[in-house]
Amino acid sequence: MEPEYREPNNGKPCIFDTHAHVSTDAFDKDRCQVLKRARLSRVSFMEVGFDEDSSRKSLMLAENTKGYCAAGIHPHEVAREQCLENRWKHIEELASHFRVKAIGEVGLDYFRNLSPQGVQRDAFAMGLDLARRLGLPVIIHQQDASGMCYLW
């Protein structure tokens, strides 16, 4: 039996998940059910992009659910063949939408090293600069790169 939905007294969600990827392909089969269960359970979330395509999908989901999202380029994704500056321009265009409330997921991942460390640092700096210029918070992915705080 499905739980009965009860609106909180103040009309706000009881739980806010700050980092979700519900717009990814992994949820294609049951996305509608996941969203319905979240709504019934009074759970809201920040849908987080990790490249241009996922950031666009995150924004579409945020629009459809009247929620919020983040747009960014994950350190695993920064070493693609396209020009990094152009990719960040696409993210900046998305970030101008009022449903985009953060830049992310950005950061450094020296554990998997799926992108060269220098490219990761450049991309992270670009993401931080974009967040600064737009006045948005940053969602940071960091793994085995704790000694890199000189970027701040």
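- No option in K36, R37, K29 other than R37 meets the side-chain contact (heavy atoms from CB on, under 4.5 Å) test with Q33.
- Evaluation of the side-chain contact (heavy atoms from CB on, under 4.5 Å) rule for S23 yields E47, K57, S58, L61 as partners, not counting sequence neighbours.
- Counting heavy atoms from C-beta outward, Q120 and N113 have side chains that approach closer than 4.5 Å.
- Between D129 atom CG and L134 atom CG the span is 9.0 Å, to the nearest 0.5 Å.
- Counting heavy atoms from C-beta on, the side chains of D51 and H74 never come closer than 4.5 Å.
- Side-chain atoms of H19 and M46, non-hydrogen and from C-beta on, never get closer than 4.5 Å to each other.
- Placement of L40 and V34 in two distinct hydrophobic clusters is found when ILVMFWY residues are connected by side-chain heavy-atom separations under 4.5 Å, directly or transitively.
- Of all the heavy atoms in V100 and L94, the pair that sits closest is CG2-O, 3.3 Å.
- By the 4.5 Å heavy-atom criterion applied to side chains, L35 and R31 are counted as neighbours.
- No side-chain heavy atom of Q143 sits less than 4.5 Å from a side-chain heavy atom of Y110.
- Distance check, rounded to the nearest 0.5 Å: CZ of R87 to CD of Q82 gives 5.5 Å.
- Taken to the nearest 0.5 Å, the CG atom of D122 stands 12.0 Å off from the CD atom of Q117.
- In this structure the side chain of W88 never reaches within 4.5 angstrom of the side chain of V78, judged on heavy atoms.
- The hydrophobic cluster containing V48 does not contain F27, counting ILVMFWY residues as joined when their side-chain heavy atoms lie under 4.5 angstrom apart, directly or transitively.
- Interatomic distance, S54 OG to I73 CD1, rounded to the nearest 0.5 Å: 9.5 Å.
- Side chains of I91 and S55 form a contact here, defined as non-hydrogen atoms less than 4.5 Å apart.
- Although no hydrogens or angles enter the test, the distance criterion places a donor-acceptor pair under 3.5 Å between the side chain of Q142 and the main chain of D144.
- Surrounding OH of Y68 are at most 12 heavy atoms belonging to other residues, nucleotides or ligands under 6.0 Å away.
- Grouping the Ile, Leu, Val, Met, Phe, Trp and Tyr side chains by contacts below 4.5 angstrom, directly or via other members, places I139 with F16.
- For residues 89-116, the salt bridge (Lys or Arg N to Asp or Glu O under 4.0 Å) pairs, not counting sequence neighbours, are E92-R133.
- A95 and I103 get closest at one heavy-atom pair: CB-CD1, 3.9 Å.
- Note that the SG atom of C69 and the CZ atom of F45 stand 10.0 Å from one another [nearest 0.5 Å].
- Separation of atoms CD (E77) and CG (L84) is listed at 12.0 Å; rounding is to 0.5 Å.
- A centroid separation of 6.0 Å or more is found between the aromatic rings of F50 and H141.
- Side-chain contact between F124 and I140: present, with at least one pair of heavy atoms (C-beta onward) separated by less than 4.5 Å.
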